[in-house]
2 protein chains.
Amino acid sequence: MEVYSSEIAKLIEELGRLPGIGSKSAQRLAFHIINMKEEDVRRLSETMVHAKQNVRYCKECYTLTDQELCPICANERRNHKVIMVVENPRDLAAYEKTGKYEGVYHVLHGAISPMLGIGPNDIKLKELMHRLQGDIEELILATNSSLEGETTAMYISKLVKPTGIRITQIASGVPVGGDLEYIDEVTLLRALEGRVEL
Amino acid sequence: MEVYSSEIAKLIEELGRLPGIGSKSAQRLAFHIINMKEEDVRRLSETMVHAKQNVRYCKECYTLTDQELCPICANERRNHKVIMVVENPRDLAAYEKTGKYEGVYHVLHGAISPMLGIGPNDIKLKELMHRLQGDIEELILATNSSLEGETTAMYISKLVKPTGIRITQIASGVPVGGDLEYIDEVTLLRALEGRVEL
């Protein structure tokens, strides 16, 4: 039996295809959209289409941007000799929010995952190697500390070693303010292995 | 410092205005939308605008629909003499999914809340009273078992009593499969008060 009339059912279905939106959230969002002012719905709808049409890869670091170069690569005050490798633009944004990193980035758009059939050619690795032919002093690996992230970091590290460029990896350990008893054993072991002299 | 270029920032901002979408989800959704096929973004976008334009209240029960009458009110096999009062279309959908209810509904679009300044005139109560002038046998109150829902049920009950129409309220109690130790005391007390003879 059809609970919702077709226009509503269609909207719920479309919204339910988005990641992280289950059927309950899709319903709630659909009713919210129907109750929004028409001009607001139009603006949201147009913003989506415009972003889709105008956003492309930065030709330098492959993050998403609506210019040829993203604001970071276009910024001359950044240190273009230090490149931090991240899996996706959200990870870039997370580091950018610290406000402390002065180098530039390279966005892989994924991580190597034999399980999911994602190989080195499926992420922006050739593009990274191409950039490393320039004047680069340090490559910071900041892929996630998941199996895929670690595999990718290892792979890049082996690939880049022969170039003599300094390669570092961000530290794993206990999050600041984290309560030890709630932290998983793998992280605790990492924190122990990575202990520093005081 | 601008982390995202303007088209992306705008999309994240628009998505972040939706209910239940925090800034992390808005980012994840934005990147997903940018990575979708253009035709899929267009379809999602148009579905939103069309739903907003075409969806209106059912002239009988006030649920949202794209017809003059919703599929339930238009269904002659339903018992139009039994009306279940719910707060919103999602609650209607929840009961409809049981597949067992044969009556029709009345959607209030809210509940009386002195705290939020929502009074009897702000929900579809006049419309309910108008319907009750017809040939109605039973009014089932299925507002939420929150303070607002209970207040609304109480208010409707007092208002309808003089008409002589049978008024019932859905049972409160322990959810099926619920483990007693995890259930709040108010619910446990309700379950005790509402105990039935075996």
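Throughout, a chain's letter reflects where its sequence line sits, starting with A, and its residues are numbered from 1.
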_Are B/Leu92 and B/Leu69 linked, directly or through intermediate hydrophobic residues, by side-chain heavy-atom contacts shorter than 4.5 Å (ILVMFWY only)?_
no
*Between A/Gln27, A/Arg90, A/Glu46, the one whose heavy-atom pairs under 4.5 Å with chain B are most numerous*: A/Arg90
_Closest non-hydrogen atom pair, A/Ala51 against B/Glu7_ = N-OE1, 3.7 Å
*Hey, quick one: are B/Ile170 and B/Ile167 part of the same hydrophobic cluster, counting side-chain heavy atoms closer than 4.5 Å, chains of contacts allowed?*
yes
*Is A/Ile123 reachable from A/Met154 through a run of hydrophobic residues whose side-chain heavy atoms are each under 4.5 Å from the next?*
no
*Which answer fits B/Thr65, side chain, backbone, both or neither, if we ask what part of it has an atom under 4.5 Å from a heavy atom of chain A?*
both
*Between A/Gln67, A/Lys37, A/Glu13, A/Gln53, which shows the greatest number of heavy-atom pairs under 4.5 Å with chain B?*
A/Gln53
*B/His32 versus chain A, the contacting section by heavy-atom distance below 4.5 Å*: side chain
*Quick check: does any side chain N or O of A/Lys10 sit under 3.5 Å from a backbone N or O of B/Thr47, one acting as donor and the other as acceptor?*
no
_Point-to-point distance, once rounded to the nearest 0.5 Å, from CG of B/Asp40 to CD of A/Glu14_ = 7.5 Å
*Write down the atom of B/Pro19, the atom of A/Arg28, and the distance for their closest heavy-atom approach.*
O-NH2, 4.0 Å
_Less than 4.5 Å to any heavy atom of chain A: does that hold for the side chain of B/Asp66, its backbone, both, or neither?_
both
*Taking the side chain as every heavy atom from C-beta outward, state whether A/Leu18 and B/Leu44 have any atom pair closer than 4.5 Å.*
yes
*asked:* Looking at A/Met129, I want to see if its CE is surrounded by more than 12 non-hydrogen atoms of other residues, nucleotides or ligands under 6.0 Å.
replied: yes
*Heavy atoms only: give me the nearest A/Asn35-B/Lys52 pair and the separation to one decimal.*
C-NZ, 4.2 Å
_Cluster link B/Ile156 to B/Leu147, ILVMFWY, side chain under 4.5 Å_ = no
*Are B/Arg17 and A/Arg43 close enough that some pair of their side-chain heavy atoms sits under 4.5 Å apart?*
yes
*What heavy-atom pair brings B/Leu64 and A/Ile34 nearest, and what distance separates the two atoms?*
CD1-CG2, 4.0 Å
*Rounded to the nearest 0.5 Å, how far apart are OG of A/Ser45 and NE2 of B/His50?*
9.0 Å
_Greater than 12 external heavy atoms within 6.0 Å of B/Glu138's CD_ = yes
*Given that the side chain runs from C-beta out, which part of B/Glu38 has a heavy atom under 4.5 Å from chain A: side chain, backbone, both or neither?*
both
